[in-house]
Amino acid sequence: MSSLSVPPPRCLQKPLTVPHRHMFGPGPSNVPPRILQAGANPVIGHMHPEIFQIMSDIRSGIQYLFQTHNPMTFAVSGTGHTAMECAIFNAVEAGDGVLVAVNGIWGERAAEVAERIGARVNTIAAPPGGCFTNTEIEQALSKHRPVLFFLAHGESSTGVLHPLDGIGPLCHKYDCLFLLDSVASVGGAPVCMDQQGIDIMYTGSQKVLNAPPGTAPISFSERACQKIFNRRTKPVSFFLDLSWLANYWGCDDKPSRMYHHTAPVSAFYALREGLAVLAEEGLESSWERHRKVAEYFHAGLERMGLKLFVPDKTARLPTVTTILAPQGYDWKEITAYVMKSHNLEISGGLGPTVGMVLRVGLMGGNSSQAKVDMVLAALRDALAHCHRSKV
Ligand code: PMP
């Protein structure tokens, strides 16, 4: 008789099965075999010299991806949210002023993260699908005098690619750090961290980089480090404390590295491979490919009679497209239909766009005309077969 009150679960006697699926939602995107195989390499110790070399390669890859020379560049063990918290927890102390541009869910989330650590949060708001002018941003900077300004470059809940020119210098004029969420954009749309005066920038592994979710590249400028390393109080999170992470990733000048946490080495292998794929193609070619494929996709959607949610063509995110939910249809029936009949994931809205849009992500290797044709065919089929009320 066993003394255990919980028996081994029967479900675990069955082998693991995961279907192959076309991942055309806002992320994760499909992981190519080459990157999956990289992740299947042997697990070795997180403090072994080979892993330090891989971490160093990852840092170089991120510097290329972000177009930055910042030594304080590495990958957080966690998802995009972890990187958002890493940025805000380190750069902001309780009582500091933070200005957040809210034109979708990501501004809402950043404001919530800053509020939770006792920051004085002010927001500027634009309707979902909209952007901010530099004049609006400057007025808010001069009124609130924040230490940090948050903006989402690729607003994946609304499908907006926000213009960046001039925002970095504006922030610096008001002695404010510029924090950019580039989770849905970097690699697929132009952004040059150093040239554009971005002080903190982060992304996730599962979008354009086509790696599994679980690692999040991040970089801090010299100005950001100055503020962070002269804090009065310790950051609220030990796990995300920049001084620990900097040492662990070999970004500081200390001769030896201290154990901080057990790094997800398999996820690092895959991230390194995702960065290698991008470096092979070249950043500019990747931007151009995403731009052309998005244009081809958007034209195809319009030919089908569908309408894009973002009216201004130049403000459309090339990686994640928002389509106005077709009138007379239930958007949930459409997403369920394409999943069932075409084995293809597209998604509905998120946050302020729930019920308003369908979202299609074509990122990294998924950004191709062939994949666009698949999505268009699946949508055409869904519109022909899903229930349509009289409108
Ligand atoms: N920011 C943006 C723009 C995103 O698209 C996402 C993921 N959809 C996140 C942040 C959060 O990333 P994660 O889901 O990896 O935590």
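In this chain, residues are counted from 1 in sequence order. As the structure lists them, so they are numbered: ligands from 1, and atoms in each ligand from 1. This is a predicted model, so every value here is computed, not measured.
- Among protein heavy atoms, atom 5 (O) of ligand 1 sits closest to S156 OG, 2.5 Å.
- Looking at H260 and D241, their side chains never bring a donor and an acceptor atom within 3.5 Å of each other.
- Scanning the protein for heavy atoms near atom 7 (C) of ligand 1, the closest one is K207 NZ, 3.2 Å.
- At least one N/O-N/O distance between T79 and ligand 1 falls below 3.5 Å.
- A donor-acceptor pair is defined here as one N or O able to donate and one able to accept, closer than 3.5 Å; no such pair exists between the side chain of N30 and the backbone of N210.
- Geometrically, ligand 1 and G80 share a nitrogen or oxygen pair separated by less than 3.5 Å.
- Between H261 and Y248, the ring centre distance stays below 6.0 Å.
- Ring centroids of Y202 and W106 are separated by 6.0 Å or more, keeping the two rings apart.
- In this structure, R109 falls outside the shell of residues with a heavy atom less than 4.0 angstrom from ligand 1.
- Although no hydrogens or angles enter the test, the distance criterion places a donor-acceptor pair under 3.5 Å between the side chain of N90 and the main chain of L242.
- A salt bridge links R291 with E288: at least one charged nitrogen is closer than 4.0 Å to a carboxylate oxygen.
- Distances below 4.0 Å separate heavy atoms of G154 from the following atoms of ligand 1: 3 (C).
- Atoms of ligand 1 lying under 4.0 Å from at least one heavy atom of D181, given by number and element, are 1 (N), 2 (C), 3 (C), 10 (C).
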